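Notes to accompany the following structure.
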Amino acid sequence: MLQVNNIRDHKEQYIQALAKRNFEAKAVFEEVLELDETRRNTQTRLDDILAESNRLSKEIGKMFKNGEHQKANLIKEKTGKLKEDSKELSEKLSSTIQELEQLLYTIPNVPHESVPAGVSEEDNEEIFKEGEIPVLEKTALPHWELAKKYDIIDFELGNKITGAGFPVYKGKGARLQRALITYFLDKATEAGYTEFQVPLMINEASGFGTGQLPDKEGQMYHMAEDNLYMIPTAEVPITNMFRDNLLTEKDFPISCTGYTPCFRREAGSYGAHVRGLNRLHQFDKVELVRIEKPSDSYAALDKMVEHVKELLRDLKLPYRILRLCGGDLGFTSALTYDFEVFSTAQDRWLEISSVSNFETFQANRLKLRYKNKEGKKDLVHTLNGSALALPRVLAGILENYQDEKGIKIPEVLVPYTGFDRID
RNA sequence: GGAGAGGUGGCAGAGUGGUAAUGCAGCAGCCUGCUAAGCUGUCAUCCUUUUGGAUGCCCGGGUUCGAAUCCCGGUCUCUCCGCCA
């Protein structure tokens with residue numbers, strides 16, 4: 001959520017930046033500023049009335065003490081009128097504030113200056129590419145067929161238990177999955193991130209804090225009876241650990257990692273592109289979250305990008321990095337880098353990580369602040385990134401490491417799997 | 001699921017109808033020559049920004065001239081019992 005003061009101070013700059021995500025901000029900003037003006041006027045008027053009313057109350061108190069009951073009763077009549085006025089004004093004030101907030105909820109984050117304009121993923125900017133794309137035999141298979149051939153993932157079994165998009169990993173498939181999780185967590189820990197195990201369900205306040213609510217409600221599984229949501233990513237519980245906090249300089253840097261399953265309804269996405277592991281309702285992910293002082297946040301973002309690069313280098317998977325264009329940028333993000341692994345047998349790129357700086361957009365909703373050197377309170381910057389999302393990494397490994405007789409395990413994983421081939 | 005207790009500033013913790021003590025931490029300054037102590041100020045939010053004013057004691061209602069305090073509803077936490085991995 002943007003701050004009204006910033007909208008006022010940087011109006012033209014924000015309008016231009018938001019145009020990069022094809023968000024027409026001019027009219028909304030006008031309305032925001034107008035409502036804010038009304039809010040302040042109303043408050044001033046209300047304050048005056050309440051001040052008068054408080055003053056009279058004090059007098060009445062004194063009069064009763066002095067036994068001047070008649071005089072007191074006279075003044076009481078006055079307070080009745082004041083009360084009516086104040087009620088009216090305070091209703092106006094709260095409805096104005098509500099209206100203002102509703103409006104602010106609809107405004108996405110202001111893109112960073114480096115974000116290219118654009119309307120769709122086709123306008124994303126490729127900024128880095130690394131790794132050899134292997135030349136596969138004609139007999140090479142897509143991962144869902146490999147999974148069946150070597151009996152390591154059972155999609156039908158998941159259908160039976162739950163439904164489409166809930167695969168069952170089996171034998172060496174399950175072990176490889178666990179190896180990846182442990183490997184990613186170890187790498188994050190080595191890089192200084194503190195590991196957490198967090199709840200997989202969140203309440204409404206948490207959903208609001210990181211921005212899944214109110215606009216992405218339909219993407220989460222909701223348990224109506226308890227009003228809880230299944231987490232779509234560990235970002236939500238991890239970042240919300242810090243909700244309503246007032247940090248001090250000493251608390252930084254804050255860097256957290258955690259493995260969780262993630263649950264997404266993915267309503268409306270079906271078809272060939274979602275086959276196999278490409279898109280699931282439940283998948284595993286290791287997430288990184290950082291809470292930074294504003295001055296340090298972009299350096300932190302770079303560090304996260306380097307971290308993810310290293311993982312992919314270690315796994316020897318061909319990948320590229322995209323700087324998301326305005327049209328593809330998430331609602332809450334100021335700058336996002338997507339990592340994509342090349343799925344050789346499908347001949348397409350698969351997103352396996354998304355690393356973002358939210359600047360103060362989430363912190364404002366989270367009421368997550370720190371006391372700076374001058375003792376003033378300031379919103380922090382929040383960041384997060386996947387390191388990494390498992391299913392597509394697995395798909396990449398299966399497809400890129402296949403030969404006619406099986407699948408080779410990337411060297412760095414062998415200590416974790418205890419085997420070097422699936423066949 | 002049943003019973004009870006509780007929710008006050010960054011933290012700790014008073015306050016049972018007259019308008020939020022105190023301590024610690026933080027920040028600014030003063031002082032003292034030693035890793036520190038002492039003193040003073042500041043130290044919830046908003047409006048005005050100069051005096052000042054309002055709001056704020058988990059959330060929402062109510063009673064009252066006046067509510068942290070009394071009443072109703074909700075919510076969360078803790079303790080005990082029950083159930084249970």
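Just so it is clear: chains get the letters A, B, ... in the order the sequence lines come, proteins before strands, and each one is counted from 1. Just so you know, these numbers come straight off a predicted model, no measurement behind them.
The CZ-C1' distance, from A:R369 to B:G9, rounds to 11 Å in whole Å. Counting to the nearest Å, the P atom of B:C47 and the CG atom of A:D36 are 8 Å from each other. In this structure, A:Y370 atom OH and B:G26 atom C1' are separated by 14 Å, rounded to whole Å. To the nearest angstrom, P of B:U48 lies 14 Å from CZ of A:R45. Atom CD of A:E204 and atom P of B:G74 are 18 Å apart (whole Å). We find that CG of A:D85 is positioned 16 Å from C1' of B:C65, with the value rounded to whole Å. Atom CG in A:D378 sits about 15 Å away from atom C1' in B:G26, given to the nearest Å. Rounded to an integer number of Å, the gap from CG of A:L247 to P of B:G26 is 16 Å.
For the pair A:K172 and A:Y150, the cation does not sit on the ring face, since its NZ or CZ is not both under 6.0 Å from the ring centre and inside 45° of the axis.
Pair check for B:G33 finds none; no Watson-Crick or G-U wobble contact set falls under 3.5 Å. Under the Watson-Crick or G-U wobble criterion, with both distances below 3.5 Å, B:U22 is paired with B:A12. Under the Watson-Crick or G-U wobble criterion, with both distances below 3.5 Å, B:G56 has no partner in any strand shown. Across all strands shown, B:U49 forms no Watson-Crick or G-U wobble pair with both key distances under 3.5 Å. When both pairing distances are held under 3.5 Å, B:C78 makes a Watson-Crick or G-U pair with B:G4. Of all nucleotides present, none satisfies the Watson-Crick or G-U wobble test against B:G17 with each distance under 3.5 Å. Across all strands shown, the partner of B:G41 is B:C27, judged by Watson-Crick or G-U wobble contacts whose two distances both fall under 3.5 Å. With a 3.5 Å ceiling on both atom-pair distances, B:G66 lacks any Watson-Crick or G-U wobble partner.
Nearest-nucleotide assignment on RNA chain B puts the 5′-proximal partner with A:R40, out of A:I60 and A:R40. If you find the closest nucleotide of RNA chain B to A:L246 and to A:K250, the one lying nearer the 5' end belongs to A:L246.
Using cut-offs of 30° and 60° for the angle between ring planes, the A:Y229 and A:H222 rings count as parallel. Ring geometry for A:Y319 against A:F128 counts as tilted: the plane angle lies between 30° and 60°, on a 0 to 90° scale. In this structure, A:Y370 and A:F252 have perpendicular ring planes: the angle between them is above 60°, well past the 30° mark.
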Under 3.5 Å, which donor-acceptor pairs do the side chains of residues 98-107 of chain A form with other protein atoms, sequence neighbours left out?
residue	atom	partner	partner atom	Å
A:T106	OG1	A:L103	O	2.6

**Derivation of the ring-ring contact (aromatic ring centres under 6.0 Å, His included) call for A:Y298 and A:H112** = CA-CA 10 Å; A:Y298 278 94; A:H112 185 258; 4.5 Å; yes
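Spacing of P atoms, B:G9 relative to B:G2, comes out at 30 Å, to the nearest Å. Of the C1' atoms belonging to B:C39 and B:U32, the separation is 11 Å, rounded to the nearest Å. The C1' atoms of B:C84 and B:U75 are separated by 26 Å, rounded to the nearest whole Å. Look at the P atom in both B:U64 and B:C71: the space between them is 16 Å, to the nearest Å. Between B:A25 and B:G33, the two C1' atoms lie 27 Å apart (nearest whole Å). Nucleotides B:G10 and B:U45 have their P atoms positioned 7 Å apart, rounded to a whole Å. Separation of the P atoms belonging to B:U40 and B:C78 is 41 Å when rounded to the nearest angstrom. Nucleotides B:G53 and B:G38 are separated by 37 Å at their C1' atoms, to the nearest Å.
A pairwise comparison of heavy atoms in A:P214 and A:R365 identifies CD-NH1, 4.2 Å as the closest pair. Nearest heavy atoms, A:T336 versus A:S354: CG2-OG, 3.3 Å. Closest approach of A:R21 and A:L329 over heavy atoms only: NH1-O, 3.2 Å. A pairwise comparison of heavy atoms in A:K26 and A:I15 identifies CA-CD1, 3.9 Å as the closest pair.
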Kindly give the atom pairs (protein nitrogen or oxygen, nucleotide nitrogen or oxygen) under 3.5 Å for nucleotides 54-57 of chain B.
residue	atom	partner	partner atom	Å
B:A54	OP1	A:N54	ND2	3.1
B:A54	O2'	A:D47	OD1	2.6
B:U55	OP2	A:N54	ND2	3.4

Would you tabulate the pairs of protein nitrogen or oxygen atoms and nucleotide nitrogen or oxygen atoms of nucleotides 69-71 of chain B closer than 3.5 angstrom?
none

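When side chains are defined from C-beta on, A:K293 counts as touching A:E249, because their heavy atoms get closer than 4.5 Å.
Using modelled atom types and a 3.5 Å distance limit, the side chains of A:N203 and A:S206 yield a donor-acceptor pair.
Taking only side-chain nitrogens and oxygens, A:K83 comes nearer than 4.0 Å to OP1 or OP2 of B:G66. Here A:R39 reaches the OP1 or OP2 of B:C47: one of its side-chain N or O atoms lies under 4.0 Å away. OP1 or OP2 of B:G10 has at least one side-chain nitrogen or oxygen of A:K377 nearer than 4.0 Å.
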